[in-house]
Amino acid sequence: MNFFINATMPDHKSGIEHAELKRLALFNKNNEAAKLVLCDWDPNGHITANQAGIQDEQIINLFDYFQEASHVATKLIQVQDIEYGVLDAQYTDDPSNSRYLVTANNQLIARVNYKQNDTRPVKSIEWFDGFNNLYCVDHYDARGFVSLKQWYTADNKIGTETWQTPTGRVVIEAFHKQTMRGDMQKTNWRLIDRQHKCQQFDTQTELITYFFDCLNEDYWSLDHPNVFVVDRSHLGDQALLQLKKPAYTAFHLHNAHTADAQNPEAPLFNNNYEFALNVIDGYDAVISATHKQTADVRTRLHPKAQLFTIPVGVVSDRLLTAPRVPLADRQFGKMVVFARIAWEKNLDDLVRAIGIVHQEVPQVTLDLYGYPDPNENYKAQHEVEAVIAEYGLEDVVTLKGYTTDIDAVQNKAMMYGLTSHMEGFNLAIMEAISHGLIAFSYDVNYGPNEIVADGVNGAVVPYGDYQALSVAILEVLRDPILAEKYMTGAYESAERYSEASVWQAWEKLLSDAQNSWATKIAAMPGYRGG
Amino acid sequence: MYYFVSENIFAYNSGTEHAQAKRVQFFNREHQQNRLGQAAYVTRDYNRFLNRDATAVGLNNDEVVNMYDYFQGTTNVPRKKQHLRLLPQLPLDRYHIVGHGPNYSTVEDKGRVIARINVMPATVGLVNDITYYDRADNITVRENFDWRGFKSSVDYFHQDGQLAVQQFLNLAGDPVIEITHMNINGQLLPSMYKLKNYLGHDYRFNSQEQLFLFFLNEITRQQADITLISDRRGLDHVVAAVQGTVHKYAYLHGIHVGNVKHPVRGKLYDAYTNVLERYGQAFTAILVSTSDQQKDLKSRYPELTIKGAPDISLSSVVLNKAPITLQTRQLHQLIVVGRLSPEKRPEQALRVLAKVIKTIPDATLVYYGYAASQEVMDDLQTLAQKLAVTDHVTFGGYVSEEKLQQAYQQAQIILQPSIAESFGMNLVEAMSCGTPAISYDVPYGTQALIDDGHNGYIVPEGSSNAMAQKAIDLLSDDNLWAQMSAAAYVKSHNFADDKTTKLWQNIFK
């Protein structure tokens, strides 16, 4: 079995979740079994994963696994469906707090918090005893059962947490206790496993390690290895080194591995990857999305672990075979960007470049599609707006907000721009070239400077040099033949990310896993063949 | 069905529990003859040792119904000896179990103690409870095992180590009762009793008492013809409130006043207020063991129905045993049977012994019964030294039914020095073994059980001289003893099942 390890599959997905979804689709299409292994408790996890197109069969959540709740039919639980344990419970709606106050004989029994929608499903219940103490909070799984109970201390803090099966049997406990230093910490986890054995863990990481062992055992085969791909380092970088039985372990870089992404020899590693890179040979494989990053890792660490370059983006066959939109049908000078308006995207530089271009080519326009980042009171957006004002681009640059209508927008545009501080891959620019957009990018690690091939499908200019970027844009806008060449180059270079190409990259890893398996199990204690 | 309602059965029981247990046995003997209904001993308190303790007082599984067991669905679970090293829940491929003598073992993970397993008292290696520890050595959870070998409850704790949540489990491990401990007026106390998924619903109660009332209503509602007898004064108001049956009685196991000289006008013991004054009308009848107490209560509470019937009844097996002759007994042995507590005046027996020894130097005294406090025991030992009778006295402690039978059969005389006894089960049992009794003249049982000069003596209240003199008379005249022993056997037939049954049938008529 192939396991992709993540925390959860939330509604708001980051690049890592998108990469996993694309990978899962690719594995499914190629009939290679794979499951998403999720380690965090998430009461909405199944709903959001289902909405992202993943069936329950492909999700193994740690909590669900022990709660025997991997497959539970969704049931709507509303305020009147709860057992309050009293006769004549009265419900008073408190819509501003999204809750009902439940009373009996003028005594507050519970506060029932609901999800703010038409059916108002119960999210959690705060329980009060007959002496007005809040003693317990029940948290409901979105599928309609109590998943987590938080038991309160007399001084109103969370004491013990218990996770239970849909039938109410406690299977996981976490304890908040005082340490020797006198502060409160989650000091212990206790699991009653599927064989009803009581296992104790100091930390959730230890519990996760045990969970991986369970998975490895459940899908154990002498003929094929289980493949664990850890997509979020903190969830598995230690655990995968401690598996009881062999497995093929792969560590996935989703971002630059150095703190300064532009400098592969920077002394500080990216904090997320520091541990894994220091024990790199403890894993069978390290995956990065670009050849450039793979090369940088190899140069820096000389690992014995196998390095694989596997793009995290996949251009669908549908796009690759779609009719190409000729330059004439596109709006001359229209550049689009699909990115959050956020600091790391550094979009104010792109606007500066457009400002310079606009002085010579007044037809140039820039549409920014993406949510503004609310951090520091929308600072990134304000910076973009300041540059717009500075260059007088009010009619040239438009903040369009988020859209899902990518095909329509990109098929009408001509160019795509990227001036980010750093990137893990950048699916957006890959999608842009697959729509035939001419791409202009800073020389940003890792992804943009590989997806964009200078002189093939656009231009890569020195990092931070927006003037150079404007020069490159102007060059294309002045030269229709060059534009035609880059547009064709864009369509063609997208082939690198075709389903077939990416799958071939995965197949290399999978065959390495298979090829190394005989040696691995031969080295397993107690194994004598057969 | 008859339910005799009580709080608990203990390792060391008082006369009330014994009386109640014997009444259950008696009813069920007679039930087989279709003369009385089937009976069971109902208890309120959580007791993981109930099976052991009930067995020790001669009750079998069908004869005891405990509230917690009832809701846990564990009333009729056979005992399985659960050795701590064979606990299915311990992953022995991950942890070591390290023994530390007979009382406990630890569970260790790479040398760190993660749990302690206490051994069930008086067993070899059977699991009593498991306490788990976190990395800072705080207690995280305690799992409590029933005597019958299954995990019965789980305790969680507050930061200071006090109980926070108790979960009582069914055999599948699902919590069916939750008790939460939170502040009530600034004091940490059980603040919530939640019954979970009982016949598809949850119920919550502010106290165990409310839960117990719910339970009694349930067990009375579910079957027709249920009769409740309240055997504990602390539960009278609960039984009175039960709505599942109208057949409710209260059995008084003691004397209702402190000053026994004024049973009609004397100040009522507080504990009897509920049954006799506040909720008396809720009971079809209030039951006592003797006609004297019945008479006094009738005068005192003419509006109440007071009836009499003894708790103890002797089966034909007991009554038809071959008499035990003097030759097979411990010559000159006196016994006192009962709890060692002030109202039983055990020190009086020491004074009697000291006087008897002057005439009969090899006289001995054996006490059977647990000491109500260490102070009582210390006082008795000090007095024995002062009276120079230490070598003649044995404290036999609390013994099993079987050993107690042997004690009655070995002794020559049983002494009854109590301030008062509503009945005197010990005297009936002694008589059934042919052991004459000497008692102070106190209400109520003495007059009913001893025919002075026939099967024993009644001596003036508080006169250890008189009691000693009668003991000397009896110990020094084997013929007299033999006559009295024979009369004791005869008297015990007054408590034969046939006769007692008639009294009880009359009550339920």
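Just so we're on the same page: letters track the sequence lines, and every chain starts at 1. No hydrogens, no waters, no symmetry mates; every other heavy atom, side chains included, goes into these values.
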Taking every non-hydrogen pair under 4.5 Å, which of [options] racks up the most with chain A?
options                                    : answer
Gly200(B), Ala172(B), Ser191(B)            : Ser191(B)
Asn185(B), Val141(B), Leu195(B), Asp109(B) : Val141(B)
Tyr133(B), Tyr198(B), Phe205(B)            : Tyr133(B)
Asn197(B), Ile130(B), Asn206(B), Thr140(B) : Thr140(B)
Ser207(B), Pro88(B), Ala136(B)             : Pro88(B)

Interatomic spacing from [atom1] in [X] to [atom2] in [Y] - rounded to 0.5 Å:
X         : Y         : atom1 : atom2 : result
Lys177(A) : Gln159(B) : NZ    : CD    : 5.5 Å
Phe157(B) : Thr153(A) : CZ    : OG1   : 15.5 Å
Met192(B) : Asn133(A) : CE    : CG    : 9.0 Å
Asn183(B) : Asp155(A) : CG    : CG    : 8.5 Å
Asn138(B) : Thr179(A) : CG    : OG1   : 8.5 Å
Gln167(B) : Trp151(A) : CD    : CH2   : 5.5 Å

Chain B: which of [options] shares the most heavy-atom pairs with it under 4.5 Å?
options                                    : answer
Gln164(A), Lys157(A), Gln178(A)            : Gln178(A)
Gln195(A), His196(A), Arg190(A), Met180(A) : Arg190(A)
Tyr152(A), Trp189(A), Phe131(A)            : Phe131(A)
Asp129(A), Asn188(A), Thr162(A)            : Asp129(A)
Gln200(A), Arg169(A), His176(A)            : Gln200(A)

Go through the atoms of [X] and report whether side chain, backbone, both or neither lie under 4.5 Å from a heavy atom of chain A.
X         : answer
Pro91(B)  : both
Leu90(B)  : backbone
Leu92(B)  : neither
Glu143(B) : side chain

Heavy atoms of other groups near [X] [atom1], more than 12 under 6.0 Å:
X         : atom1 : answer
His96(B)  : NE2   : no
Lys123(A) : NZ    : no
Asn105(A) : CG    : no

Worksheet item: Does the pair Lys197(A) and Asp93(B) meet the rule for a side-chain contact (heavy atoms from CB on, under 4.5 Å), with working shown?
Response: CA-CA 11 Å; Lys197(A) 298 213 181 284; Asp93(B) 57 349; 5.6 Å; no

So which part of [X] gets closer than 4.5 Å to some heavy atom of chain B, the side chain, the backbone, both or neither?
X         : result
Lys149(A) : side chain
Ile82(A)  : neither
Tyr135(A) : both

Practice prompt. Go through the side-chain N and O atoms of Tyr156(B) and Glu173(A) and say whether any donor and acceptor fall under 3.5 Å apart.
Written response: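 Indeed, the side chains of Tyr156(B) and Glu173(A) share at least one donor-acceptor pair under 3.5 Å.
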
Worksheet item: Cut-off 3.5 Å, side chains only: do Arg135(B) and Gln185(A) have a donor facing an acceptor?
Response: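 Their side chains do contain a donor-acceptor pair, which is all the 3.5 Å distance test asks for.
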
Practice prompt. Specify the closest pair of heavy atoms between Gly168(A) and Pro175(B), including all atoms of both residues, with the distance to one decimal.
Written response: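 Closest approach of Gly168(A) to Pro175(B): O-CD, 3.1 Å.
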
Worksheet item: Looking at Arg204(B) and Val86(A), what are the two nearest heavy atoms and their distance?
Response: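 It is CG-CG1, 3.8 Å.
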
Worksheet item: Do Tyr95(B) and Gln199(A) pass the side-chain contact (heavy atoms from CB on, under 4.5 Å) test, and can you show the C-alpha distance, the side-chain angles, and the key distance before you say yes or no?
Response: CA-CA 9 Å; Tyr95(B) 303 132; Gln199(A) 316 268 356; 4.3 Å; yes

Discussion item. With side-chain contact (heavy atoms from CB on, under 4.5 Å) as the criterion, how do Cys136(A) and Glu178(B) come out once you've worked through the C-alpha distance, each side chain's angles and the decisive distance to 0.1 Å?
Written reply: CA-CA 11 Å; Cys136(A) 185; Glu178(B) 277 167 3; over 6 Å; no

Fill in: Carboxylate-amine/guanidinium contact Asp202(A) Arg112(B), below 4.0 Å
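Salt bridge: yes.
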
Practice prompt. Determine, step by step, whether Thr160(A) and Val165(B) satisfy the side-chain contact (heavy atoms from CB on, under 4.5 Å) criterion, reporting the C-alpha distance in whole Å, the side-chain angles of both residues, the deciding distance to 0.1 Å, and the verdict.
Written response: CA-CA 9 Å; Thr160(A) 301; Val165(B) 182; over 6 Å; no

